[in-house]
Asks: 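Below is a structure I'd like to ask you about.
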Amino acid sequence: MKHGKTVMICGYCAFLLASFLLGFEPGVKIGRNFISFSIAMIEVLPCAFVLIGLFEVWVKKETVEKHLGTESGLRGYLWSVLLAGTTVGGLYVAFPVAYSLHRKGARLSVIFSYIAASAICRVPMTIFEASFLGVKFTVIRLVVSLPLVFVSSMLLGSFLEKKRYHLTEGK
Amino acid sequence: MYYIYIATGAALLLSFVVSREKTFQALRIAYRRLAKILPAFLVMLVLVSIVLFLVPESLISTYLGGNNRYVGVLIGAVLGSVVLMPGFIAYPLCGILLQKGVAYMVLSAFSTTLMMVGVLTYPVEKAYLGTKVTVIRNLISFAIALLVALATGLFFGEVF
């Protein structure tokens, strides 16, 4: 698998290089896409991981367990939404954060609700959406999706809790 | 966008003032974690760059602007799942489509799956959640997006 990835990425780079040299239009476009998305990632990822690092060293396990763990009840979901609202970037930032929360003792259902909420209710994105599609559109989306997110996260969380499931880091 | 730099800078500074040692420890953790997941991000970027070439914005506009809005919802949901686009591109696009007369429920299906379902983020998601849970989470999210689209259609009087 590891080997396959390396081959694929080398092939991709060779294809881009050849495209740029020969002026092969699709290859040049793909290269531009790659660069612009890489920049978007580079803008967000280092900050996100530094904050994750600070979270790991400063926030006590007991604190996370108390507010997001098995004893937290509904408050855990409230926290998950507040935390998601301030998440920057999108799903790809939410996963490493979720992993950190998991290590600190947050329960699975809260983690899944955090992941979903960070997709649908990040504050800057929501404001942006409302300005283009109208407040009514955004309110309907939030009011309908959030309860569904909570219910599905509870079900998925308790199902996986029984299976002794754990988040991993890179494979 | 810039508030994340300010927030990170302030947090780092505060941490450094309180404990130098812990701050360096935090930076080491940050570096280790980032280095570990970077290959998955690289694969994701390769996929994104290719899919975005195959499915450009103009194609999305054409497909979402079809006559049948039920078919539009399904196409929107599939496109939203497969494509990865930052909000600052996606919502203006939705705004334009809305003015062209595309139904709210179609835009809802597209934008909600765009945010919740990640076919292209699969390499990164799989690394943290594992293959099985990644698939389950995406299927659940897809279903939620369809329900949201349906509700949007009902509230905007587009369903019947």
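Lettering follows sequence order; numbering is per chain, from 1.
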Asks: Which residues in residues 137-167 of chain A have a heavy atom less than 4.5 Å from any heavy atom of chain B?
Replies: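 Residues in range: A/F137, A/I140, A/R141, A/V144, A/S145, A/L148, A/V149, A/S152, A/L156, A/L160, A/Y165, A/L167.
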Asks: Around atom OH of B/Y70, are there more than 12 heavy atoms from other residues, nucleotides or ligands closer than 6.0 Å?
Replies: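 Enclosed.
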Asks: Can you pull out the residues in residues 111-118 of chain A with any heavy atom less than 4.5 Å from chain B?
Replies: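 Hits under 4.5 Å: A/F112, A/I115, A/A116.
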Asks: Is there a continuous path of hydrophobic side-chain contacts, each under 4.5 Å between heavy atoms, that joins B/V83 to B/I96?
Replies: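 Cluster IDs for B/V83 and B/I96 differ.
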Asks: Is it possible for you to check whether A/K136 lies under 6.0 Å from the centre of the six-membered ring of B/F155, through NZ or CZ, and within 45° of that ring's axis?
Replies: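 No, A/K136 and B/F155 do not form such a contact.
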Asks: Could you please state which residues from residues 12-19 of chain B sit under 4.5 angstrom from chain A, measuring non-hydrogen atom to non-hydrogen atom, sorted by number, or 'none'?
Replies: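 The list, in residue order, reads B/L12, B/S15, B/V18, B/S19.
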Asks: With hydrophobic residues grouped by side-chain heavy-atom distances under 4.5 Å, do B/L154 and B/L98 end up in a single group?
Replies: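 Same hydrophobic cluster.
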Asks: Hey, mind stepping through A/R32 and B/S49 against side-chain hydrogen bond (donor to acceptor under 3.5 Å, both in side chains) and telling me if it holds?
Replies: CA-CA 8 Å; A/R32 290 220 179 90; B/S49 69; over 6 Å; no
Asks: Which answer fits A/M41, side chain, backbone, both or neither, if we ask what part of it has an atom under 4.5 Å from a heavy atom of chain B?
Replies: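 Contact with chain B is through the side chain of A/M41 alone.
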Asks: Grab the two heavy atoms, one from B/F53 and one from A/I30, that are nearest each other, plus how far apart they are.
Replies: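 Scanning both residues, the minimum pair turns out to be CB-CG1, 3.6 Å.
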Asks: Is B/L45 in contact with chain A via its backbone, its side chain, both, or neither, using a 4.5 Å heavy-atom distance?
Replies: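 Both parts, heavy atoms under 4.5 Å.
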Asks: In terms of heavy-atom contacts, does CD of A/E25 have more than 12 from other residues, nucleotides or ligands at under 6.0 Å?
Replies: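 Counting other residues, nucleotides and ligands, CD of A/E25 exceeds 12 neighbours.
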Asks: Please name the pair of heavy atoms, one in A/F128 and one in B/G87, separated by the smallest distance, quoted to 0.1 Å.
Replies: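 Taking every non-hydrogen atom into account, CE2-O, 3.4 Å.
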Asks: Given the options A/E56, A/M8, A/H102, A/R122, which has more heavy-atom pairs under 4.5 Å with chain B than any of the others?
Replies: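 It is A/E56.
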Asks: Would you mind checking which part of A/F34 comes under 4.5 Å of any heavy atom in chain B, side chain (CB onward), backbone (N, CA, C, O), both or neither?
Replies: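 Both parts, heavy atoms under 4.5 Å.
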Asks: Taking every non-hydrogen pair under 4.5 Å, which of B/I29, B/T121, B/V46 racks up the most with chain A?
Replies: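 That would be B/V46.
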Asks: What part of A/P96 is in contact with chain B, defined as an atom under 4.5 angstrom from a non-hydrogen atom: side chain, backbone, both or neither?
Replies: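 Both the backbone and the side chain of A/P96 come within 4.5 Å of chain B.
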Asks: Based on non-hydrogen pairs under 4.5 Å, which of B/L42, B/L84, B/L34 is most in contact with chain A?
Replies: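 Ranked by contacts with chain A, first place is B/L34.
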Asks: To the nearest 0.5 Å, what is the distance between SG (A/C121) and CE (B/M115)?
Replies: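 The SG atom of A/C121 sits 12.0 Å away from the CE atom of B/M115.
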Asks: What part of B/F88 lies closer than 4.5 angstrom to a heavy atom of chain A: side chain, backbone, both or neither?
Replies: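 Both backbone and side chain.
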Asks: Looking only at heavy atoms, which two atoms of B/A11 and A/L51 are closest? And how far apart?
Replies: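 So the minimum-distance heavy-atom pair works out to CB-CD2, 4.2 Å.
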Asks: With a cut-off of 6.0 Å (strictly less than), are more than 12 heavy atoms of other residues, nucleotides or ligands near OH of B/Y63?
Replies: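 Incorrect, the count does not exceed 12.
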Asks: Give a yes or no on this: more than 12 heavy atoms of other residues, nucleotides or ligands lie within 6.0 Å of atom NZ of A/K29.
Replies: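 Incorrect, the count does not exceed 12.
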Asks: Is B/V51 reachable from B/V48 through a run of I, L, V, M, F, W or Y residues, each pair having side-chain heavy atoms under 4.5 Å apart?
Replies: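 Yes, same cluster.
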Asks: Which bit of A/I52 comes within less than 4.5 Å of chain B, counting heavy atoms only: side chain, backbone, both or neither?
Replies: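 Just the side chain, heavy atoms under 4.5 Å.
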Asks: For the residue pair B/M116 and A/L91, what are the closest heavy atoms and their distance?
Replies: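 Result for this residue pair: O-CD1, 3.6 Å.
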Asks: Tell me which of these, A/Y92, A/F55, A/W58, has more heavy-atom pairs under 4.5 Å with chain B than the rest.
Replies: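 When all of A/Y92, A/F55, A/W58 are compared, A/W58 has the most.
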Asks: What closest approach, in Å, do B/R33 and A/S100 show between heavy atoms, and which atom pair accounts for it?
Replies: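 Of all heavy-atom pairs spanning B/R33 and A/S100, the closest is NH1-OG, 3.2 Å.
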Asks: Heavy atom to heavy atom, less than 4.5 Å: which residues from residues 104-112 of chain B reach chain A?
Replies: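 Residues in range: B/Y104, B/L107, B/S108, B/S111, B/T112.
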Asks: Rounded to the nearest 0.5 Å, what separation is found between the OH atom of B/Y91 and the CG atom of A/L133?
Replies: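 B/Y91 OH to A/L133 CG: 7.5 Å, rounded to 0.5 Å.
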Asks: Quick one, B/Y128 and A/T168 - any side-chain contact, counting heavy atoms below 4.5 Å?
Replies: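 Sidechains of A/T168 and B/Y128: no contact.
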Asks: Any link between B/L52 and B/I50 through a network of hydrophobic side chains (Ile, Leu, Val, Met, Phe, Trp, Tyr) touching at under 4.5 Å?
Replies: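 Result: yes, single cluster for both.
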Asks: Is the count of non-hydrogen atoms from other residues, nucleotides or ligands lying under 6.0 Å from A/L21 atom CG greater than 12?
Replies: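 Yes, enclosed.
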Asks: Examine B/M85 and B/I75 and state if one hydrophobic cluster contains both, with Ile, Leu, Val, Met, Phe, Trp and Tyr joined whenever side-chain heavy atoms are less than 4.5 Å apart.
Replies: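 Linked within one cluster.
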Asks: Could you tell me which of B/V148, B/I136, B/L129 has the largest number of non-hydrogen atom pairs under 4.5 Å with chain A?
Replies: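 Option with the top pair count is B/L129.
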Asks: Using a cut-off of under 4.5 Å on heavy-atom pairs, state which of B/V133, B/V117, B/L38 scores highest against chain A.
Replies: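 Ranked by contacts with chain A, first place is B/V133.
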Asks: Kindly compute the distance separating OH (B/Y3) from SG (A/C47), expressed to the nearest 0.5 Å.
Replies: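 SG of A/C47 is found 11.0 Å from OH of B/Y3.
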Asks: Can you tell me how far apart CD1 (B/I37) and OH (A/Y99) are? Round to the nearest 0.5 Å.
Replies: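 It comes to 10.0 Å.
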